[in-house]
A.B. asks: 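First, the structure itself, so that you have it in front of you.
Letters go in sequence order (proteins before strands), and every chain restarts at 1. The basis for the numbers below is simple: all heavy atoms, side chains too, and nothing from hydrogens, waters or symmetry mates.
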Amino acid sequence: MNNELNKYSVPYLANLESKLSQLLQPVRPDTEFVNTLKAKLTQVPTIVVETTKRGSKFLFVGLGVLVGIAAIWLIGKSKNEDIEG
Amino acid sequence: MIKGRAKIPLEITAENAIRLAREGNSEAFSFLYNLNVTRIYNYIFYRIGSEDDAEDITSRVFYRAFGHIKTYEDKGIPFSAWLYRIAHNLIANFHRDRQRRKEVSLDDQPEMPHRVDLPETWIEKKQEMDLLLKGMRRLAPDRQQLILLKYLEDLSNAEIAVIMGRTEGAIKSLYHRALLALKDEMVKIGYESTENKGMEK
């Protein structure tokens, strides 16, 4: 440590300190960035809750069941035709 | 994201802002943001050297801070100390990720902050600034942090000690070591010619 101190005298470091205070000046962030970020952080997001109608739920379920039954019936029919043929 | 609340008649001050922000008051949250955004941006900008990355990391600091504000414990330490710590960690992550990606080092491409100067002095200043930033970014993270807090924020050793979680004596000695190291780094990258001449006189 002492060697290091001798290597650079006090005025030598004082010179560096004055350079630091001269060159390291605060910069201003872009105003648009600052405002946009603030808005994103503080604004309450609008949440839209989509409500589904009960009727449409039953319709979809019913359709699904019908399609399923039809598919099974068609597969069964085609198998029977193969056996008879 | 902090939930908004009905306006509270209470005036927001530096003293009550943290408590109110913890309770979900978005105005208190804005208050803290306004108070700290420039200093945090500056700190990150000088550590990283790119405006885009500085903006990105600044955003992350505030998202993280305000996302966890309810867990923040007010122990009398400045709120900015907490933000600096978050920034410090995110900068470390940034450097780690950048090393993994093996991108071109920013040490080779220092970016000059925007300033309004006369053209002739600007070039001279830019060269000095480039050397200084190159040298500084070669220092250990805690040394960089100390130099920036001292010169950008103009903080005392005692205030820096609080932010960095060390004793005032430790900061004093770290500061001296940081200056010596910075001088060494700057000499390595070509600062000695002009500086030594000046010092020999």
Side-chain angles (χ1 to χ4, degrees), chain A residues 1-69 71, chain B residues 1-5 26-30 33-34 37-46 51-52 54-55 58-59 62-63 65-67 112-115 125-126 128-129 131-133 135-136 147-148 150-154 173 175-177 179-184 186-187 191 195-196 198-199:
Chain A
M1 188 68 178
N2 280 337
N3 285 340
E4 280 182 331
L5 287 173
N6 293 335
K7 193 168 143 194
Y8 298 119
S9 58
V10 174
Y12 204 103
L13 289 182
N15 194 308
L16 179 61
E17 284 184 304
S18 86
K19 282 260 178 288
L20 282 166
S21 54
Q22 185 195 332
L23 294 171
L24 290 181
Q25 296 293 324
V27 290
R28 268 193 189 171
D30 180 42
T31 322
E32 200 187 322
F33 158 73
V34 172
N35 294 336
T36 312
L37 179 60
K38 186 179 172 181
K40 280 182 189 169
L41 287 163
T42 55
Q43 273 171 13
V44 187
T46 0
I47 301 162
V48 181
V49 182
E50 288 183 7
T51 50
T52 51
K53 287 175 187 169
R54 268 193 171 183
S56 60
K57 266 186 193 171
F58 287 117
L59 187 73
F60 282 119
V61 173
L63 269 173
V65 172
L66 276 176
V67 169
I69 292 168
Chain B
M1 200 65 63
I2 299 288
K3 251 189 172 179
R5 248 192 183 190
S26 60
E27 281 179 39
F29 185 54
S30 292
Y33 173 81
N34 291 337
V37 67
T38 304
R39 60 169 62 152
I40 294 299
Y41 173 86
N42 264 276
Y43 174 68
I44 296 167
F45 174 76
Y46 275 100
E51 283 179 16
D52 289 340
E55 286 183 359
T58 304
S59 307
F62 283 97
Y63 271 114
F66 293 123
M112 181 73 176
H114 297 307
R115 299 252 182 79
K125 260 192 176 181
K126 183 174 175 5
E128 276 189 315
M129 187 68 169
L131 273 174
L132 187 77
L133 291 180
M136 206 179 67
I147 288 174
L148 291 176
K150 201 162 190 73
Y151 288 95
L152 282 180
E153 285 281 309
D154 206 19
S173 107
Y175 174 64
H176 194 77
R177 287 200 306 273
L179 281 187
L180 292 172
L182 177 59
K183 179 61 85 181
D184 271 340
M186 288 174 75
V187 166
Y191 190 65
E195 188 69 358
N196 281 343
M199 297 316 300

A.B. asks: Start with the C-alpha distance between A:V34 and B:Y41, add both sets of side-chain angles, then the distance that settles side-chain contact (heavy atoms from CB on, under 4.5 Å), and finish with yes or no.
C.D. replies: CA-CA 10 Å; A:V34 172; B:Y41 173 86; over 6 Å; no

A.B. asks: Within the side chain of B:Y46, is there an N or O that forms a donor-acceptor pair under 3.5 Å with the backbone of A:Q25?
C.D. replies: yes

A.B. asks: Between B:L132 and chain A, which part of the residue has a heavy atom less than 4.5 Å away: side chain, backbone, both or neither?
C.D. replies: side chain

A.B. asks: State, yes or no, whether a side-chain contact exists between A:K40 and B:Y63 at a heavy-atom distance under 4.5 Å.
C.D. replies: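 Answer yes - side chains close enough.
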
A.B. asks: Would you mind checking which part of B:D154 comes under 4.5 Å of any heavy atom in chain A, side chain (CB onward), backbone (N, CA, C, O), both or neither?
C.D. replies: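 Neither part.
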
A.B. asks: Please examine the side chains of B:S30 and A:K38, heavy atoms only from C-beta on, and report whether any two atoms are closer than 4.5 Å.
C.D. replies: yes

A.B. asks: Given that the side chain runs from C-beta out, which part of B:F62 has a heavy atom under 4.5 Å from chain A: side chain, backbone, both or neither?
C.D. replies: both

A.B. asks: Using heavy-atom distances under 4.5 Å, tell me whether B:Y151 contacts chain A through its side chain, its backbone, both, or neither.
C.D. replies: both

